[in-house]
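Labels below follow one simple rule: chain letters A, B, ... track the order of the sequence lines, proteins then strands, and each chain is numbered from 1.
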Amino acid sequence: MPGRVLLIEDEPNIIEAISFILTRDGWTVHTHSDGETAAERVRRMPPDLVILDVMLPGRSGYDILRDLRADPETRLLPVMMLTARGQTKDRELAEQLGVNLFMTKPFSNAEILEHVRSLAGT
Amino acid sequence: MINFNLLAGISLGYVALLFLVAALAERRALRAPSRWLRSPLIYTLSLSIYCTAWTFYGAVGYAARSGLEYLTIYLGPSLVMLGWWWILRKLVRIGRTQRITSIADLISSRFGKSTSLGVIVTLLCVVGITPYIALQLQSLALSFGVFAGAAGADWERSDFNSVALWAAVGLTLFTVLFGTRNLDSSERHNGVVTAIALEAVVKLAALLAVGIFVVWGLGGGPTEVMDRIAASEIGVWDQSAGRWMGLTFLAAAAFLCLPRMFHVLVVENSSERHLLTASWAFPLYVLLMSLFVVPIAVVGLELMPEGANPDLFVLTVPLSQGQEGLATLAFLGGFSSATSMVIVATIALATMVSNHIVLPLWLSSRPAGGAMMSGDVRAIVLVARRFSIAGVLALGYIYYYLSGGSGALASIGLIAFVGLAQILPAMIGGIFWRGATRTGAALGLVLGFVIWLWTLFLPSFGEGAVMSTQVMTEGPFGIAFLRPEALFGTMGLDPILHATFWSLFLNTFAFVVGSLVSFPTPIERLQGAQFVNVFEHSPGTPTWKPAAGQAEDLLIMSQRILGANEAQEAFERAAVLQGKTGFLPDVTPEFVQSLERQLSGSVGAATAHAMVSQVTEGSSVSVQDLMAVADEAAQILEYSSKLEAKSDELERTARALSDANEKLTALSIQKDAFLSQISHELRTPMTSIRSFSEILRDGDLDPDAQERYAQIIHSEAERLTRLLDNLLDLTVLENGQGVINREQGQLRDLLDRAVSAACGEGDRLLIRRDRASETLELDTDLDRLVQVFINLIANALKYCDAERPELKIQLRRLRGAYVIDFIDNGSGIPSESQDVIFEKFSRLGDQARAGGAGLGLAICREVMERLGGRIAYLPAQGGAAFRVWLPQAQAMAAQ
């Protein structure tokens, strides 16, 4: 039942934390930390869920999301966004672009696990 | 009797004195601009290089042979100074505004910075002046020979040659030492000019002393001497008016066109007002120089044995009377005349040869863009100039050696005059006639040059030497029409007048017709307008489009030519004028123009133009722009330069206003962005801390993982603390709170502290310092200053992406201020980002690797402002480079 999650994030410690939590729950976690090549990576090997950070080197999470939504292959792919910039207009922009879930850092482990299960689950 | 060794010793002593004077003057000029060194008196005296050994010795010989005709040689320049000073004033003004380095540069620059015209004029000058330099060497050798002969020695030809050789070597040394101090030939050679002024006094004093001795000591007083003159052939006035006018005109033309005269008149001129003094003082000097020529000639002819060389009467008359001291003074006078001419002529010629022949060749031998990107042009220019000096003197010696030191002194001088006068039409036409074109100038110059070679220069080697007797008497291939001394069938004219008339007539004719039928290029029109209307305007201000990115390339190139400090200052000044901060002004046409002018002071107009074009080509400064500049310059400048100054000001104000507006808008955006940034910087470490602490709370971990996660929590908590500290620090600094703890300390110790605090064990960064030079006593907040240093070193550690990262830390003194440069060898910061790096959270590139919050440089800037110093990014250094200006009042040199 649990599937594959692609985590696009550039902070090594946050990558390690999220990977640990999801792996412990039975998910297969792939990570990618460069904004420039992220959309390409999703297209090459589409996961069941993308966790996308907003501030990435090379390209912002918003731009990556826009790309994914513009491509028929990934238009419906569940995307969960993480941001450390918790302003309302950030959330609005993300929702406008078609994000499935917008989460502000820091989060509790239970919270992220619950959302991953509901978005990527059966 | 004075023997040769003693005389050689006296000459050496005199030369040593000249070296000393030159060195002292250079040092004085370095310390402070001296009013005395740059007085009208020194300027007038430096003009006396017009009086060479030819006039010192040769005038007496000339008078002995041809009577009063020698006066024409003095009359011409005096007329120029008295009556034509407005031409000189215009030349001086153009020379300064366009940073002209030589007469070849003037012609080349006026006619569209043409490389070929520069080459033509340079060749003409080299060919014309080489015999003239040979003549000076010959007079030196002859005067030594006179003393040796009087002492009983019988000199062989080889003895004369070796004296000439030693003179040439010594002069090369002096000229290289004092003539290539500054690369910028439009900067003045204080040492050389002062030494020459001294020589001017010596030669005048010597000639006057001999004259007084002859009139009162030998001739029995003025009345007696006048009678003798009246009785001799010299006093007979049977001069032809044509020859007098012709020779006077020739001397006047040569005065304006001789490279060495142009050099002292225009290039070394420091104030137009000096011309006012020189306009009466120089004719007076010349009058004194010519006063006793006839008496010496008359008495000499009576006293000396038949067949004695009248060119040497100034020496031989006192010697024959046993007046050794006087003869030695006369010798030094002749020595001064010869050496000063050679030194200045060589500097002028060497500048031309290196700027118009060597550098263009060097430039064209490299691929496009090469001038900018590789090699130190400065070093090449200096080497080129030094070799050119040696080359010019070598040519002079070789000419002397081959010509066998024959020929009366005066005729060689006159031949050179006619050759150089060929530049006159292009020069006068160039500064008074906007319609003059490059084609016209080239045609005129080449035609005049060829006719001069044919009718005067080549025949001067003697019949049968270069030209066969047959060619001389019957013309080439029997065409009598082209006989060198009877061109187009004009018989019976004196060869000098014949050559002067035909060469200048055809030269001017070709120049005018060529200019009328050819169409000037935009850059020629631009230069033409600027030369002809030099008194009415400063360069125009057409509309422009800034071209980004080129400013840095131009700076890289300029640093290579002008040197780092001067180039950086010039760029900073230009940026300030445009209302910008930093080192990189917008690349506007007028900035490019002024930069070109500045560079041309070092390498000549044509070369500077070629180099700048290599950078700006294909960009917004196109032919269309130049055309626009030319048109606007020509039209606007002529009518209303005042209006233009106003609109200039308006434009600057408008730009400043729009800048302010942008800044205000940016400020409110920045406030939002700042909050959002702080949020991001705080939440990121908190995310890791929260997540891992929950994982630890869940338990069920192996001890290794437990240990590792606790470590992460710890380091992220530290990161959080550091961030808060920095934020607090910055807030305190920005609000001007906090105390400054002033302490005294050595810069070296502070840098030591910073290096050991910033660098850890395994760091690969190599820090290059010259610890010995870091002796600077500081009195400021030392901890804060160290904080700035640590930040800069830490940045190099984090961001320098070179294979073998290096950071150069260098203390320098810049116009009274102390600065420290931190320059690494990485790829630097792109010019579009250089403006923002001092803003808060403006970290570029990979965040994870950097590990900071992007506050370091913002803090540095605030700290330096608090301490009364400054920090800025220094572009065009290869890698990332920061310059820290130490607080002025708080830095004291250790000595």
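With a 4.5 Å cut-off on side-chain heavy atoms, B/His680 and A/Val54 do not count as touching.
The nearest pair of heavy atoms linking A/Phe107 to B/Ser691 is CE1-OG, 4.4 Å. Annotation for B/Ile695 and A/Asn109: closest pair CG1-ND2, 3.4 Å, computed over non-hydrogen atoms. Scanning all heavy atoms of the two residues, the minimum distance from A/Glu16 to B/Tyr709 falls at OE2-CE2, 3.4 Å.
A salt bridge links B/Arg719 to A/Glu11: one of the charged nitrogens lies within less than 4.0 Å of a carboxylate oxygen.
Note that the OG1 atom of B/Thr684 and the CG atom of A/Asp10 stand 8.5 Å from one another [nearest 0.5 Å]. Between A/Ile14 atom CD1 and B/Glu716 atom CD the span is 7.5 Å, to the nearest 0.5 Å. Put simply, CD on A/Glu111 and CZ on B/Arg690 are 6.5 Å apart, with the number rounded to the nearest 0.5 Å.
Residue B/Arg708 touches chain A through its side chain alone, counting heavy-atom pairs closer than 4.5 Å. If you measure heavy-atom distances from A/Ser33 to chain B, you find no contacts under 4.5 Å at all. Residue B/Leu701 touches chain A through its side chain alone, counting heavy-atom pairs closer than 4.5 Å.
One N or O on the side chain of B/Ser679 and one on the backbone of A/Ala84 form a donor-acceptor pair closer than 3.5 Å.
By the 6.0 Å contact criterion, CG on B/Asp702 is enclosed, its count of non-hydrogen atoms from other residues, nucleotides or ligands being greater than 12.
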